[in-house]
Amino acid sequence: MRICFAGAGALGSTIGGTLARGGAEVWLIDPFQAHVDAINASGLRMLEGGAETVVTVSACTSAGQVGNVADLVIILVKSYHTRDAIRAVAPIIGPQTVVMSLQNGLGHEDILSEEVGRDRVMAGKTYVGGVLLGPGHVRAGVVGKETIIGELDGRLTERAQRISETFNRAGVLTLLSDNILGTMWDKLFINVAGGGITAITGLTYGGLYSLPVLEECALAAISEGIAVAQAAGVKISIVDPRLAWTMASAGLPPEFKTSMLQSLQSGNLTEVDYIHGSVVRWGAKVNVPTPVNATLVALVKGLEYARSDYPGKA
């Protein structure tokens, strides 16, 4: 199976490297030239549990360099780059190519469906972790971390089974779901728990979980999400907001920073539109008020806009 990652940052490199080490043909596609050059020159260095391995895997900066169509294209770019990313990999998408998002939040599957057709799109969520330590070098958190994938319509298809088996053989613990939309919402609640609040306050998890008023705000945001999902008829497993609040910090150190906070601190746009913004959009569709999430969206966007380099700002 030829697997191509559109986006090979920390997470794409971690999952792609693990699959390559397990025998899959993997291509990491990323515009970070130094990262690509380091991988091609010396392999991908993967630090796991204090031990480092070097994985031979192909890397390039454009899909045209792959040479053949892919069996599976995994989208792992920042959410706001999704449409550009799928268009950029058009040269390697053939009639049988499956396109799958492993991104945080909701809405990517709709963008991908608009570009390549809904019948080619699968969705997934992963709890695998990764940190980019430098070009060609990642800290990987794979062992015991689930990845859940499935067809958008809930069917248990042969192609989904084949992808799941390929991942599991390589050591990426993967479950096949007949309710991937519900799984995506469950993961969304965990992102909602701390994403916007930490981005606005600048707090790591140590601070977030020390102040009761922030917990109250987080539980209110999660409760809105649960109410929206239930009104939309989505089968979710997290129906107690406190469970999502607890799960969000499980196994993470006090100094942990959410990706939304990291994005702001590094001068990048956040994925707030695909996290809190998803709750707001779906809420509008099913007539469920979402004032807490709407406020978090507005405040995060205000912080983005305050930067002098905000896109389109005069």
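In this chain, numbering begins with 1 at the start of the sequence shown.
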Salt bridge or not between Glu146 and Lys125? Use side-chain N to carboxylate O under 4.0 Å.
no
State whether the side chain of Ser263 and the backbone N or O of Asn268 hold a donor-acceptor pair below 3.5 Å, judged by distance alone.
no
Interatomic distance, CD1@Ile92 vs OG1@Thr97, rounded to 0.5 Å, equals 7.5 Å
Check the side chains of Glu304 and Thr270 for a donor-acceptor pair under 3.5 angstrom, ignoring hydrogens and angles.
yes
Between Asp273 and Lys301, is the salt bridge (charged side-chain N to carboxylate O under 4.0 Å, His left out) condition met? List the steps.
CA-CA 9 Å; Asp273 281 331; Lys301 284 184 169 292; 3.0 Å; yes
Decide whether a cation-pi geometry holds between Lys78 and Tyr274; the criteria are a distance under 6.0 Å from NZ or CZ to the six-membered ring centre and an angle within 45° of the ring axis.
no
Do the side chain of His35 and the main chain of Ala8 share a donor and acceptor less than 3.5 angstrom apart?
yes
So, taking the atom named CD in Glu224 and the one named CZ in Phe189, what distance separates them when rounded to the nearest 0.5 Å?
11.5 Å
Check this for me: Arg281, atom CZ, are more than 12 non-hydrogen atoms of other residues, nucleotides or ligands nearer than 6.0 Å?
yes
Is the shortest side-chain N to carboxylate O distance from Lys145 to Glu48 below 4.0 Å?
no
Side-chain donor/acceptor of Thr198 to backbone N/O of Gly195, under 3.5 Å:
yes
Taken to the nearest 0.5 Å, the spacing of Met122 CE from Arg159 CZ works out to 6.5 Å
Any salt bridge between Arg155 and Asp153, counting N to O under 4.0 Å?
yes
Considering all heavy atoms of both residues, which atom of Cys4 and which atom of Ala70 are nearest to each other, and what is their separation?
SG-CB, 3.7 Å
Checking Asp71 side chain against Arg2 main chain: does a donor-acceptor pair fall under 3.5 Å?
yes
Check the angle between the aromatic planes of Trp282 and Trp185 and answer parallel, tilted or perpendicular using the 30° and 60° thresholds.
perpendicular
Any chance the side chains of Thr61 and Gln65 put a donor and an acceptor closer than 3.5 Å?
yes
Rounded to the nearest 0.5 Å, what separates atom CZ in Phe5 from atom CG in Leu72?
7.5 Å
Keeping the roles fixed (side chain from Ser164, backbone from Ala160), state whether a donor-acceptor pair exists under 3.5 Å.
no
